[in-house]
Visitor: 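Below: one structure in structure tokens.
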Amino acid sequence: MKSLEELEKIREQAKDLINLRKDNENKTRIVVGMGTCGISAGARQVLLAILDEIKKRNLNDVIVTETGCIGLCKFEPLIDVIKPGQPKVTYVNLDAEKARQIVAKHIVNNQIIEDWVIPNI
């Protein structure tokens, strides 16, 4: 950094990032477990199916992120669905088809698929 202008530019960029996080607080988040255990169990196909379904349905208020191992390796692949103002829902033992159904039923129609859910952990 060599000038006040550069410092101001960095400050504005940081403000944009903070605002981006605030805007995301009102969006649904899907977190896919992508540790080596998850990937070996098929998490990559689950992630790609979720992204494809979101794109097909033109869902702009859903954020998909990856995380490492959550510590429930025997339940992989798994995802967390976090809707604003609702408790986190963890789906386990998924495949690409189940992931597509989660997007259709839970994300779009707000219907939790209880048979695939593990109690809150």
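Numbering of residues begins at 1 and proceeds along the displayed sequence. Because the structure is a prediction, the values reported are computed rather than measured.
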Visitor: Identify whether the distance between the nearest side-chain nitrogen and carboxylate oxygen of E5 and K9 falls below 4.0 Å.
Guide: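 Between K9 and E5 there is no salt bridge, as every charged N stays at least 4.0 Å from the carboxylate O atoms.
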Visitor: With side chains defined as the heavy atoms from C-beta onward, is the minimum distance between I50 and I79 less than 4.5 Å?
Guide: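 Contact flag for I50/I79 side chains = yes.
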Visitor: If every non-hydrogen atom of G38 is compared with every non-hydrogen atom of E76, which pair is closest and at what distance?
Guide: CA-OE1, 3.4 Å
Visitor: Hey, are the side chains of V81 and Y91 touching, using non-hydrogen atoms and a 4.5 Å cut-off?
Guide: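 Side-chain contact under 4.5 Å: yes.
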Visitor: In Å and rounded to the nearest 0.5 Å, what is the CG to CG distance from D115 to N93?
Guide: 12.0 Å
Visitor: Starting from the C-alpha separation in whole Å, work towards a yes-or-no answer on side-chain contact (heavy atoms from CB on, under 4.5 Å) for L78 and V46.
Guide: CA-CA 9 Å; L78 59 82; V46 168; over 6 Å; no
Visitor: In Å, rounded to the nearest 0.5 Å, how long is the span from CD1 of I112 to NE2 of H106?
Guide: 4.5 Å
Visitor: With hydrophobic residues grouped by side-chain heavy-atom distances under 4.5 Å, do L51 and I63 end up in a single group?
Guide: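 Result: no, two separate clusters.
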Visitor: Which heavy atom of C73 sits nearest a heavy atom of C37, and at what distance?
Guide: SG-SG, 3.5 Å
Visitor: Might you point out which heavy atoms bring Q101 and W116 nearest each other, and give the distance in Å?
Guide: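 For Q101 and W116, the tightest heavy-atom pair comes out as OE1-CH2, 3.4 Å.
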Visitor: Tell me whether D95 contacts the main-chain N or O of E97 through its side chain, where contact means a donor paired with an acceptor under 3.5 Å.
Guide: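 Pair found, side chain donor or acceptor close to backbone of E97.
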Visitor: With sequence neighbours excluded, tell me which residues meet side-chain hydrogen bond (donor to acceptor under 3.5 Å, both in side chains) with R29.
Guide: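 Residues passing side-chain hydrogen bond (donor to acceptor under 3.5 Å, both in side chains) with R29: none at all.
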Visitor: Using side-chain hydrogen bond (donor to acceptor under 3.5 Å, both in side chains) as the criterion, list what pairs up with K83, not counting sequence neighbours.
Guide: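 side-chain hydrogen bond (donor to acceptor under 3.5 Å, both in side chains) check on K83 returns N110.
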Visitor: Test of understanding: with side-chain contact (heavy atoms from CB on, under 4.5 Å), list the residues that count as partners of E8, not counting sequence neighbours.
Guide: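 If we apply the side-chain contact (heavy atoms from CB on, under 4.5 Å) test to E8, skipping adjacent residues, the hits are R11, E12.
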Visitor: Side-chain contact test, heavy atoms from C-beta onward, threshold under 4.5 Å: evaluate it for V62 versus I30 and give yes or no.
Guide: yes
Visitor: So, do I70 and D80 sit near enough that their side-chain heavy atoms are less than 4.5 Å apart?
Guide: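 They are in contact (side-chain heavy atoms under 4.5 Å apart), so the answer is yes.
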Visitor: Applying salt bridge (Lys or Arg N to Asp or Glu O under 4.0 Å), name anything that partners E114, two or more places apart in sequence or on another chain.
Guide: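 So E114 forms no salt bridge (Lys or Arg N to Asp or Glu O under 4.0 Å) with any residue.
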Visitor: Let me confirm one number: the NZ-CD1 distance from K88 to I82, rounded to the nearest 0.5 Å.
Guide: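 Going from NZ on K88 over to CD1 on I82, the span is 6.5 Å.
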Visitor: Apply the test side-chain contact (heavy atoms from CB on, under 4.5 Å) to residues V108 and L59: give CA-CA distance (whole Å), side-chain angles for both, the deciding distance (0.1 Å), then the verdict.
Guide: CA-CA 9 Å; V108 174; L59 301 174; 4.0 Å; yes
Visitor: For residues 41-64, pull every pair meeting ring pair (Phe, Tyr, Trp, His ring centres under 6.0 Å), keeping only residues two or more places apart or in separate chains.
Guide: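 The answer is none; no pair qualifies.
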Visitor: Taking atom CZ of R100 as the centre, does the number of heavy atoms from other residues, nucleotides or ligands within less than 6.0 Å exceed 12?
Guide: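 More than 12 heavy atoms, drawn from other residues, nucleotides or ligands, come within 6.0 Å of this atom.
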Visitor: Indicate yes or no: at least one non-hydrogen side-chain atom of V31 is less than 4.5 angstrom from one of E66.
Guide: no
Visitor: Check the pair I107 / T28 against side-chain contact (heavy atoms from CB on, under 4.5 Å), numbers first and verdict last.
Guide: CA-CA 8 Å; I107 304 301; T28 296; 3.8 Å; yes
Visitor: List in chain and number order the residues that pass side-chain hydrogen bond (donor to acceptor under 3.5 Å, both in side chains) with K56, two or more places apart in sequence or in another chain; answer none if no residue qualifies.
Guide: D52
Visitor: If you look at every heavy atom in A43 and G33, which pair is closest and at what distance?
Guide: CB-O, 3.3 Å
Visitor: Check whether any side-chain heavy atom of C69 sits under 4.5 Å from a side-chain heavy atom of T36, and report yes or no.
Guide: no
Visitor: Report the C-alpha distance between L47 and M34 in whole Å, list the side-chain angles of each, state the deciding distance to 0.1 Å, and finish with yes or no for side-chain contact (heavy atoms from CB on, under 4.5 Å).
Guide: CA-CA 9 Å; L47 174 65; M34 294 291 286; 4.1 Å; yes
